[in-house]
Novice: 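My questions will all concern the structure given below.
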Amino acid sequence: MSATEVQTGTDAVGWEAVADLPPSAKLVAKVLEYNDRLTQSQLAEETMLPARTVRYALTRLEEVDAVDSRFSFTDARKRVYALSIEN
């Protein structure tokens, strides 16, 4: 199994699913918990993580349905991310 493949079949949901993710994904989730909606560049600025790491973290969070993404109304080239799990 490569580093980008995710093990499926886990029954974890919400924060339990996030607990099994890398630290970068946990940090991104925590920042989204305190901020309503952020773009990838805003997340990189808030977390002080490289943009590539933020993209990877968001991909992992989307795989466990922890975040939702939508197109930005102000700039359709960007996506806006929000946490989709409850506290």
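The first residue in the sequence is number 1, and the count goes up from there.
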Novice: Which pairs count as salt bridge (charged side-chain N to carboxylate O under 4.0 Å, His left out) when at least one residue sits in residues 70-79, sequence neighbours excluded?
Specialist: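 Every pair satisfying salt bridge (charged side-chain N to carboxylate O under 4.0 Å, His left out) with a residue in residues 70-79: Asp75-Arg77.
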Novice: Starting at CG of Leu49, measure out to CD of Gln40 and round the result to the nearest 0.5 Å.
Specialist: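 Those atoms lie 12.0 Å apart.
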Novice: Show every salt bridge (charged side-chain N to carboxylate O under 4.0 Å, His left out) that has at least one partner inside residues 40-52, sequence neighbours left out.
Specialist: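 Salt bridge (charged side-chain N to carboxylate O under 4.0 Å, His left out) check on residues 40-52 returns no pairs.
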Novice: Is it true that a side-chain atom of Thr39 and a backbone atom of Val80 form a donor plus acceptor pair closer than 3.5 Å?
Specialist: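 Not confirmed, Thr39 side chain does not pair with Val80 backbone.
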Novice: So, do Leu43 and Leu32 sit near enough that their side-chain heavy atoms are less than 4.5 Å apart?
Specialist: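 Yes, at least one pair of side-chain atoms sits under 4.5 Å.
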Novice: Give the cluster check for Val67 versus Phe71: same hydrophobic cluster or not, with ILVMFWY residues linked at side-chain heavy-atom distances below 4.5 Å.
Specialist: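 In one cluster with Val67: Phe71, no.
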Novice: Using the test side chain to side chain donor-acceptor pair (under 3.5 Å), find all partners of Ser72 that sit at least two apart in sequence or belong to another chain.
Specialist: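 With sequence neighbours excluded, Ser72 shows a side chain to side chain donor-acceptor pair (under 3.5 Å) to Thr74, given in chain and number order.
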Novice: Work out which heavy atom in Asp36 is nearest to a heavy atom in Ala82; give both atom names and the distance.
Specialist: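 Taking Asp36 first and Ala82 second, the nearest heavy atoms are O-CB, 3.5 Å.
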Novice: Looking at residues at least two apart in the chain, or sitting in another chain, which of them share a side-chain contact (heavy atoms from CB on, under 4.5 Å) with Ala25?
Specialist: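 Partners of Ala25 by the side-chain contact (heavy atoms from CB on, under 4.5 Å) criterion, ordered by chain and then number, come out as Leu21, Pro22, Ala57, Leu61.
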Novice: Drop me the distance from Tyr34's OH to Leu83's CG, to the nearest 0.5 angstrom.
Specialist: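 Here the rounded value is 11.0 Å.
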Novice: Just to verify, what does Thr47 make a side chain to side chain donor-acceptor pair (under 3.5 Å) with, not counting sequence neighbours?
Specialist: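 Scan of Thr47 (side chain to side chain donor-acceptor pair (under 3.5 Å), adjacent residues dropped) gives none.
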Novice: Please list all pairs meeting side-chain hydrogen bond (donor to acceptor under 3.5 Å, both in side chains) that have one or both residues in residues 23-32, counting only residues at least two apart or in different chains.
Specialist: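 For residues 23-32: Lys30-Glu33.
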Novice: Does any non-hydrogen side-chain atom of Thr53 lie less than 4.5 Å from one of Tyr56?
Specialist: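 Contact flag for Tyr56/Thr53 side chains = no.
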